[in-house]
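If you scroll down you'll find the structure; I have some questions about it.
Computed from heavy atoms alone, side chains included, the values below leave out hydrogens, waters and symmetry copies.
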Amino acid sequence: MTLEIKNEFGSIDISSDVIATIAGGAAVECYGIIGMASKHQVRDQIADILGRDNYSKGVIVTNNNGTLDVDMYIIVAYGTKISEIANNVQSTVKYTLEKTLNLTVNSVNIYIQGVRVINLDDEE
């Protein structure tokens, strides 16, 4: 699925995978997010955190007459307040998509797929 934008210079087709990559990149930068997860972890046989190349498996973009609905499947850090993280991700993703692509975002729905303990030795 692509989103088509027309202006006085012509038309622009934006793939859903591009929108998903931008949204996933914005989400991963938020505090408390370990990474993106696949919507269908069992079917896709991906129990791990998705890499940047696979964000489209963890972000579902729906176009409703020029407005976007974004569903995101994330993994959060243990010991963080999930509601605050989800709120932060929603506002960050909405802002990023609206400013980067000049699109109207109707909703950003967050689905928590897991909670992971951060190993401080891995971060160094």
### Minimal non-hydrogen separation, Ile60 against Tyr73, with atom names
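Closest heavy-atom pair between Ile60 and Tyr73: CG1-CE1, 4.0 Å.
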### Task
Have a look at Ile85 and tell me which of Ile112, Ile110, Ile33 forms a side chain to side chain contact (heavy atoms under 4.5 Å, CB included) with it.
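Among Ile112, Ile110, Ile33, the one that satisfies the side chain to side chain contact (heavy atoms under 4.5 Å, CB included) with Ile85 is Ile33.
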### Query
Taking all non-hydrogen atoms of both residues, which atom of Asn88 and which atom of Cys30 are closest, and how far apart?
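Asn88 and Cys30 have their closest heavy atoms at ND2-CB, 3.9 Å.
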### Query
Minimum heavy-atom separation for Val105 to Lys94, with atom names?
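Smallest heavy-atom distance, with atoms named: O-NZ, 3.6 Å.
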### Query
Is there side-chain contact between Val59 and Met36, with heavy atoms separated by less than 4.5 Å?
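Side chain of Val59 against side chain of Met36, heavy atoms only: contact under 4.5 Å found.
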### Message
Before you tell me yes or no, could you show the steps for Ile34 and Tyr78 under side-chain contact (heavy atoms from CB on, under 4.5 Å), namely the whole-Å CA-CA distance, both residues' side-chain angles and the distance that decides it to 0.1 Å?
### Response
CA-CA 9 Å; Ile34 300 295; Tyr78 178 79; over 6 Å; no
### Query
Is any side-chain heavy atom of Ile19 less than 4.5 Å from a side-chain heavy atom of Leu68?
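Result yes, sub-4.5 Å side-chain heavy-atom pair found.
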### Task
Please examine the side chains of Ile74 and Val76, heavy atoms only from C-beta on, and report whether any two atoms are closer than 4.5 Å.
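Val76 vs Ile74: side chains touch.
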### For Ala23 against Val93, the heavy-atom pair lying closest together
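Here Ala23 and Val93 meet closest at O-CG2, 3.7 Å.
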### Task
Applying side chain to side chain contact (heavy atoms under 4.5 Å, CB included) between Leu97 and each of Leu103, Val61, Val70, report the one that passes.
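The passing option is Val70.
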### Query
Is it true that a side-chain atom of Gln113 and a backbone atom of Ala37 form a donor plus acceptor pair closer than 3.5 Å?
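Here the side-chain-to-backbone pair does not exist.
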### Message
Taking Val115 as the starting point, is it possible to reach Val117 by hopping between hydrophobic residues whose side chains are less than 4.5 Å apart?
### Response
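Looking at the clustering, Val115 is in the same group as Val117.
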### Query
Between Thr92 and Val89, is there a donor-acceptor pair closer than 3.5 Å when you use the side chain of the first and the backbone of the second?
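Not confirmed, Thr92 side chain does not pair with Val89 backbone.
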#### Entry: Side-chain heavy-atom pair Glu4, Ile12 within 4.5 angstrom cut-off
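They are not in side-chain contact.
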### Query
Between Asn7 (side chain) and Gly10 (backbone), is there a donor-acceptor pair under 3.5 Å?
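Checked: pair present.
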### Task
Enumerate the residue pairs fulfilling side-chain hydrogen bond (donor to acceptor under 3.5 Å, both in side chains) with a member in residues 95-112, sequence neighbours excluded, ordered by first and then second residue.
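Applying side-chain hydrogen bond (donor to acceptor under 3.5 Å, both in side chains) to every pair that reaches into residues 95-112, excluding sequence neighbours, yields Asp69-Asn106, Asp69-Ser107, Asp71-Asn109.
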### Task
Would you confirm whether Ser15, through its side chain, and Asp17, through its main-chain N or O, come within 3.5 Å as a donor-acceptor pair?
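Yes: the side chain of Ser15 pairs with the backbone of Asp17.
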